[in-house]
Amino acid sequence: MNTNKTIVAFVYDYDHTLCTTDMQNYSFIPSLHIKPAEFWSAANDLSKRENMEPLLAYMYLMIEWSKKNQLPINREAFVQLGKDIEYFPGVETWFKRIDEYGASKNVEVQHYVISSGNKEIIEGSSIFQYFKEVFACEYMYENGQAVWPKSVVNYTTKTQFLYRINKGVLSLSENDKVNASMPDEDKPVPFQNMVYIADGETDVPCMKTVRSNGGIAIAVYDKKKKKPAKRLFNDGRVDFLCEADYSEGKQLDIIAKLIIDKVAPADQLYRLHYQQEAEQK
């Protein structure tokens, strides 16, 4: 174990947390010449009619409706959709700013996304470069064309990715490693060093997992739609409630830096304890 290195992981939902709406609403759905409500209603109807996982329903419709509209269904086309994503204030400067603050405290800050949106669209976004890993819904491609869902991330399966981050097992194919026993002192990102930031009730399992293991959960909200996040706070699901303004000096920025201030010395004590245990054996 490296006793000099503290890692703090900020883990984010994406839609309505970093960006202002569902990522498909910016470019993809308008390219179909319909309104977002029509697309999501159709996906919901398909899910109910076929007793189908809702995320598989929307992924299916993305392909089928693209074909009907003679739109490309290759990875490059989906990635290109990420260029038009709009973010909450301060998001595009947040990551570098928090990284630099962490470094000033001898902390390595890592950023992760766990999202039910499209990984390909996230890859095309301006902030993709800052994430150590993105766990999201993704297609498999044959001959360059999307043919099948390769990964589906719903509100309950989201929790598995927290354990992957905890153990440093980021490849989806390494199930044996993520399920294998690992001493707490060997886990690169202890749960108490995690901060989970999200906006709604579908994130409750992740919020509970992080908080029950000593980490911090933050609910963020669009100032026009505060009720869902406020409910999470009032129900004791999260530690903090903040407007989704990531600008320097705003409440979210202040809380994130205070968390780094708190975690750094606590983590050093945690690691020193295990180091002394090993020395005495």
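Index from 1, following the sequence. Quick caveat, the model's predicted, so the values are computed rather than measured.
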Minimum heavy-atom distance between [X] and [Y], given as atom pair plus value:
| X | Y | answer |
| --- | --- | --- |
| I98 | I260 | CG2-CD1, 4.0 Å |
| I85 | C19 | CG2-CB, 3.5 Å |
| S66 | L32 | N-CD2, 4.2 Å |
| V178 | V169 | N-CG1, 4.0 Å |
| A198 | D13 | CB-CB, 3.7 Å |
| A43 | A57 | O-CB, 3.5 Å |

Following the transitive rule for hydrophobic clusters with a side-chain heavy-atom cut-off under 4.5 Å over Ile, Leu, Val, Met, Phe, Trp and Tyr, establish whether [X] and [Y] coincide in one cluster.
| X | Y | result |
| --- | --- | --- |
| L18 | L252 | yes |
| L55 | W65 | yes |
| I127 | I121 | yes |
| L56 | I29 | yes |
| V91 | I122 | yes |

Is there a side-chain contact between [X] and [Y] (heavy atoms, below 4.5 Å)?
| X | Y | answer |
| --- | --- | --- |
| T159 | T157 | no |
| F240 | F233 | no |
| D199 | P228 | no |
| F39 | N25 | no |
| Y101 | V109 | no |
| P54 | N44 | no |
| E53 | N154 | yes |
| F161 | V11 | no |

Side chains of S126 and E92, donor plus acceptor under 3.5 Å: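 A pair is found: one side chain offers a donor N or O, the other an acceptor, under 3.5 Å apart.
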Shared-cluster residues of L258, by chain and number - hydrophobic side chains joined below 4.5 Å: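 Cluster partners of L258: I254.
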ILVMFWY cluster membership beyond Y155 - transitive side-chain contacts under 4.5 angstrom: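 None; Y155 is a cluster of one.
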Can you measure from [atom1] ([X]) to [atom2] ([Y]) and round to the nearest 0.5 angstrom?
| X | Y | atom1 | atom2 | result |
| --- | --- | --- | --- | --- |
| T17 | I197 | OG1 | CD1 | 8.5 Å |
| D15 | M23 | CG | CE | 4.0 Å |
| E133 | I114 | CD | CD1 | 10.5 Å |
| Y12 | Y112 | OH | OH | 11.5 Å |
| N193 | T6 | CG | OG1 | 6.5 Å |
| K226 | D222 | NZ | CG | 12.0 Å |

D186 side-chain N/O to M182 backbone N/O, donor-acceptor pair under 3.5 Å: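 Answer holds: no.
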S27 (side chain) donor-acceptor with D84 (main chain) under 3.5 angstrom: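 Answer holds: no.
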Taking only distance into account, with no hydrogens and no angle test, what donor-acceptor pairs under 3.5 Å do side-chain atoms of residues 74-81 form with protein atoms, sequence neighbours excluded?
residue, atom, partner, partner atom, Å
N74, OD1, E76, N, 3.2
N74, OD1, A77, N, 2.7
R75, NH1, E138, OE2, 3.2
R75, NH2, E123, OE1, 3.3
R75, NH2, E123, OE2, 2.8
R75, NH2, E138, OE2, 2.9

Side chain to side chain contact (heavy atoms under 4.5 Å, CB included) assessment of L61 paired with Y58: CA-CA 5 Å; L61 287 185; Y58 96 67; 5.7 Å; no
Qualifying salt bridge (charged side-chain N to carboxylate O under 4.0 Å, His left out) pairs with a residue from residues 97-109, counting only residues at least two apart or across chains: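 Residue pairs passing salt bridge (charged side-chain N to carboxylate O under 4.0 Å, His left out), neighbours aside: K5-E108, R97-D253, K105-D261.
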Salt bridge (charged side-chain N to carboxylate O under 4.0 Å, His left out) partners of residues 189-198, not counting sequence neighbours, each pair once: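 Output for this query is empty, none listed.
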Could you pull out all residues at least two apart from [X] that satisfy ring pair (Phe, Tyr, Trp, His ring centres under 6.0 Å)?
| X | value |
| --- | --- |
| Y130 | F95 |
| F191 | Y163 |
| Y14 | none |
| F128 | none |

Test side chain to side chain contact (heavy atoms under 4.5 Å, CB included) applied to K35 - qualifying residues, sequence neighbours left out: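 None.
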Intermediate values then yes/no, side chain to side chain contact (heavy atoms under 4.5 Å, CB included), K167 and L162: CA-CA 9 Å; K167 292 185 175 182; L162 296 173; over 6 Å; no
Salt bridge present between R237 and E201 (N-O < 4.0 angstrom):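 The answer is no: the pair does not qualify as a salt bridge.
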Criterion side chain to side chain contact (heavy atoms under 4.5 Å, CB included) on M62 and N118, from CA distance to verdict: CA-CA 10 Å; M62 282 188 70; N118 292 103; 3.3 Å; yes
Candidate pair Y26 and T20, rule side chain to side chain contact (heavy atoms under 4.5 Å, CB included), full reasoning: CA-CA 10 Å; Y26 296 105; T20 58; 2.7 Å; yes
Would you be so kind as to tabulate the donor-acceptor pairs closer than 3.5 Å made by side chains of residues 139-153, with sequence neighbours excluded?
residue, atom, partner, partner atom, Å
Y139, OH, M59, O, 2.6
Y141, OH, E120, OE2, 2.7
S151, OG, A136, O, 3.4

Sequence neighbours excluded and cut-off under 3.5 Å, please list the side-chain donor-acceptor pairs for residues 202-221, or say none.
residue, atom, partner, partner atom, Å
D203, OD1, K158, NZ, 2.8
D203, OD1, Y196, OH, 2.7
T209, OG1, P205, O, 2.8
R211, NE, D239, OD1, 3.3
R211, NE, D239, OD2, 3.1
R211, NH1, G236, O, 2.6
R211, NH2, D239, OD1, 3.2
S212, OG, K208, O, 2.9
S212, OG, T209, O, 3.2
N213, ND2, T209, O, 2.7

Residue D176 excluded, over 12 heavy atoms near CG under 6.0 Å: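 Check fails, neighbour count at 12 or below.
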Verdict with reasoning, Y87 to W94, per side chain to side chain donor-acceptor pair (under 3.5 Å): CA-CA 11 Å; Y87 303 99; W94 162 270; over 6 Å; no
